[in-house]
Each structure stands twice: as C-alpha cells, then as structure tokens.
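Just so we're on the same page: letters track the sequence lines, and every chain starts at 1.
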Amino acid sequence: MTSGGEDFAQQRVRELAARVLRSGVTGRGAGTAAPAGELLDPVPIRSPGGEPAGWWVPLAAGGRLLGFLQFDDALRFRRSSSFQRRPGDLASCPPLADWTDPARILERARIRASPGDRLDSPFLSFDANPDRLAWAVPATTPDGERKIIFVAGDAVYLAS
Amino acid sequence: MSSEKPLANQRPAIAELSLMLLTRTLPPSLEGARIEPQGTVIHDLNGKPLFRRLALTGAGVSGYADVAIAPELGAPLVAVSHGQAWDEHGLLAEGKRVAANRFKVADAAQVQFVAYSFPKIALRFFDRDNKELLLLELWTWERVPERRETKEPPGNFERWSYLDETPPEVLRAKAENHDRRQAALGRLAERVQSFTLLDRISSSELEVVLALPPGSLFGDSRDLHYGTHTADHVPCYELHGQETSVWCVAASVQMLLDFYRYEYTQVRLAQEMGLGTLANPSPLLFGQEHKVVDTLQKLTGNALTANLNTSPSWGEFRSEILANRPLISFIPGHSRTVAGYTESGILNIIEGLTPFHGLLVYDPWPPNMGVITRYENFDAQTYRDTFTAHVTLQ
C-alpha cells in the first residue's frame, strides 16, 4: 500500500526496475537463461523509525519469491538479489506470501508477541542496515511500552 | 543573435546529457526533454564566443544546457540546469526595456549575451562603433561596474574575462581535456544512428546502444572460479544463510572457509569468535574485528593468512577476485562475502565517466536463506572493512 504522494515514485520505480532487468545487469531477462519472473508492485521501505529508505521490487514466479530489486530513497539502483542458487532453482526460493502477505507476516510476528500485546500493521523496514530487510511489526504492550518485532521470512525476533 | 549552427559539434555534449540521464546523474523528469537546436551564444568578456546555452523544454520541464564553443572551458558539456527556464527573447526584451527606462540606452546597435564573470551572465549593449554602452546583469538588471585597476582577484559583482585572465597553462590543460572528451563522446554519438539524439534527451536511445549486443555493457567481469583457469567452472562458491539474526559474521566466515574446503558449522565458528549459542546468540562487537582474522588463520592451521583492511576500495575487491579469492565485506551493521565483480563497458566508450561498478555479493541475510546479489551498486554502498585471505605454503 502506498500513500497518494508515493504513487508517482512507485510508478517511476516500476519503470526503473523493468529497465534494470532489460539491461541484463541482473543476469535475468532478455538474452539470459535465468527466468526473469514477474515484477510485482514496488513496496516502500521505511526505517524502523518510519523515515523513507527506498523501494523493494519483488520478482515472483509460481507462488515463489525468486528475488528482488532494491533502490535507495533517491531512486538509485542499490542491488539485484536472488534466492535462486542456480538457474531454474525454485526450492531455495521462499513462498511469496512470506514476504508480501501482511496477514502472514502479522501471524508470524505473534510468535514473538507477549499476551496482551497490540500489533499494528507491518511495514517493510530493515534491521541496522538497508541490506538486512525485514518487515517491522510495531507492538504495544498493555503497559503502553512500544517495541518492534522483525519478521524476515521465517525468522522472527524482537528488535534490540 | 548568432546564426551559427554547429549541430555536429553539439552532438557529443547532447550525448553526454543522455548518458547522464541513463546513469541517473540527471533527474528522470528530464527524459524526453527537447533541446533547442540553435540556442544562445554567450560571449566571453573579450568578445569571443564562449559557450552556447540551449533551452530544455517539454511537459513539466524547464531548464538549459551550456555547451562549450571554446575548448578552454574544459568539457563539451559545461553545465546543466533544471528548474529555471531559458527564454532568450524574453530576456532581451526585458533587458532592452530596463536599459531604455532606467539607463537611457535606447539606441544600441547590437546587444550580446556576455559571461561577465563566468558563469554569471549579462547583456552588453554596443553603439555603432562597437563601444560598450551598458553591461546589465541578467535577472537583477543591475549595471555591472567598470573594471577596477587592481591586481586583486575580482569580487562578487565585478567583470573579468575567463579567456584572458585564466592562467594559460590552465586553459591549455582544459582544452586538451575538452578535446579528449569531445572525441570520446563523439564516438558514442556515432553509435546512435538516430536523429532524436540531436533534439532531445533520451536515455533509451543510449540504453539500446549500450546494452546490445548482450553483455557489451560490461567491459570487465569476473566471478570466483574453481581454479584460476578461465575454463574452470564458475561461480565456484556457495551461499549460507545466517542461522540467527546476529550471526552474519559467522555465516560470512563459513562461506569463505567453505571455498577453501574447510567445513565448519556456524555454531562452531560462533564459539570461536565469542558469538554465543543458537539459543542465545550475540553479534560481533565493534572493535573485535581481529577475531575474524584470528579465526580464519586458526581454523585452517595457518594455511590461510588473513588480513583486515579498514579502507576498502574498488581496486582491492577487483584484485582479490582476479586472484580467485573471496572477501568478507563489513558494511555498517552487517557482514557479507564478495565473490565477483563487474565494471560497466561505458568506460570503454567514454573516457573520464564513472562506470557502473557492481559486486557479486553472497549475503547471509535473511536468516536461514541468504541471497545472491548480482550486482550490488558499489557507488551506492558504504564499505567499512574487508577481510582477505590467501593460502600460505608452509
């Protein structure tokens, strides 16, 4: 989900991601053996404090997350990453929902939540460095204490 | 204004504009911006043509590009500005109105745009004998004072000649640089057989040229091989996801040791480096980087000699990969390994331009999975430390 102000940037990121794929930089797409997968909608990345920190563009096929492209907040290409160990490998790729379905992410976060904690909507964030992408789930204890639960695929832990 | 039409000479500078858009040096909003073909000639204070200002226009676009006429400016493309429109005729009309009303100069025989204090521009009004009547700074419409008789450097609002007052050796060096760059950009422009490159900024034109044939974008690439022979299988490297949220260093050390056929678990490596246990893990603390070096050497019986470098450079990454050796790369808050590199072939076409530098990164994040990053933009990353290791024959 993006706010109205992010729509333009999201569209721009979508175009950039398609262009990066076409260029062959990633080893995917035209002229390469690796399947390109389908580019999904760019997702904004925010720091755990909520500041904009770039964009994440998932690449998916067959319900699996093949990899992703990442851009920084200035829309500069940061990296293209793959879960595939080698061309055609799908076994190493996580289920797409692990990284894109808020309901599943919230469900995972409950593993680390305490009884009575109120969980807010997850947002894509990072732990310590933007290369350590994780969904951040803000949690509030019954005493009003706020904390962040990180969900990175099947890894779930409290922010230190 | 000038009737010169050196479109062929402008082509390299316009190619550079498109290249700057492709490499995101210019904002994407300039994609497709039209370039006014003739532009406005801006003269040096000594009267010689200095550069040509070309208006950039289009939907939501206002700006201009300054293209050198005098090679002594140092580069074919002197400057690009976006956000402020260039309206030669409007400025001339406004300047003439101010000259007549405020300074009583209504009968000038000629008016020139002049870089009175490069890159600041004024309108210069001449009489029929080619004598200056008035020098009016653009936009402020203040009269530029007469030249002071002093050897002091010029002040903020003072006229001086770029061509006459810049030291000759500096002008010579700049002219040589201009000619080299003009020739290199010209070679790029020749590869684009489209007229559109002359009248608009278009990264897609260059994208096609640079991306075809496949692989031509990359002038220099190398991944880790099984051995140093190019025919050996590649990439000879395996990814390990970190087994806890804080064991990126353990996973990185594991990947590097794996390459040399030393198999250790992350639990064992964590024990060696004091990173706790699976149930109670802890990160490698700042200041304990030496433990990586110690571990690499100890767990290989000193078959590996490891080194820590606190000033990583592109050259180091490249030379280690060419020597077929992986590196551990620390970035703020994280550790990964590097198993390859690529360098954009743009360098082969355009001298002096920054090429794309990419690293093949085996990243242990996210936990239990990791990702293979092909490629990481070297210029968009902050590198803290690298750890290298090489085999030492006893």
Rounded to the nearest 0.5 Å, what separation is found between the CH2 atom of Trp365(B) and the CZ atom of Phe126(A)? 12.0 Å

Flag side-chain contact, heavy atom, 4.5 Å: Arg374(B) against Ser82(A): no

Please determine, among Asp131(A), Asp127(A), Asp154(A), Asp72(A), the option with the most heavy-atom pairs under 4.5 Å with chain B. Asp131(A)

Heavy-atom pairs under 4.5 Å with chain A, option from Arg336(B), Glu376(B), Met369(B) with the top count: Met369(B)

Check whether Gln381(B) gets within reach of chain A through its side chain, its backbone, both or neither, counting any heavy atom under 4.5 Å. side chain

Applying a strict 4.5 Å limit to non-hydrogen atoms, the region of Pro130(A) in contact with chain B is neither

Checking the side chain of Asn129(A) only, and the main-chain atoms of His334(B) only, is there a donor and an acceptor separated by less than 3.5 Å? no

When heavy-atom pairs shorter than 4.5 Å are enumerated against chain A, which of Val361(B), Ile372(B), Asn377(B), Ile331(B) gives the highest number? Ile372(B)

With chain B, the option among Ser92(A), Pro94(A), Gly153(A) that has the most non-hydrogen atom pairs under 4.5 Å is Pro94(A)

Charged N to carboxylate O below 4.0 Å: is that the case for Asp363(B) and Arg132(A)? no

Answer whether the closest heavy-atom distance between the side chains of Phe83(A) and Pro366(B) falls below 4.5 Å. yes

For residues 235-242 of chain B, please give each side-chain donor-acceptor pair under 3.5 Å, one per line with the distance, not counting sequence neighbours.
| unit_1 | atom_1 | unit_2 | atom_2 | d |
| --- | --- | --- | --- | --- |
| Tyr237(B) | OH | Thr337(B) | OG1 | 3.1 |
| Glu238(B) | OE2 | Arg86(A) | NH2 | 2.8 |
| His240(B) | NE2 | Asp258(B) | OD2 | 2.6 |
| Gln242(B) | NE2 | Thr244(B) | O | 3.0 |
| Gln242(B) | NE2 | Ser245(B) | O | 3.1 |

Checking Phe68(A) against chain B: side chain, backbone, both or neither under 4.5 Å from a heavy atom? side chain

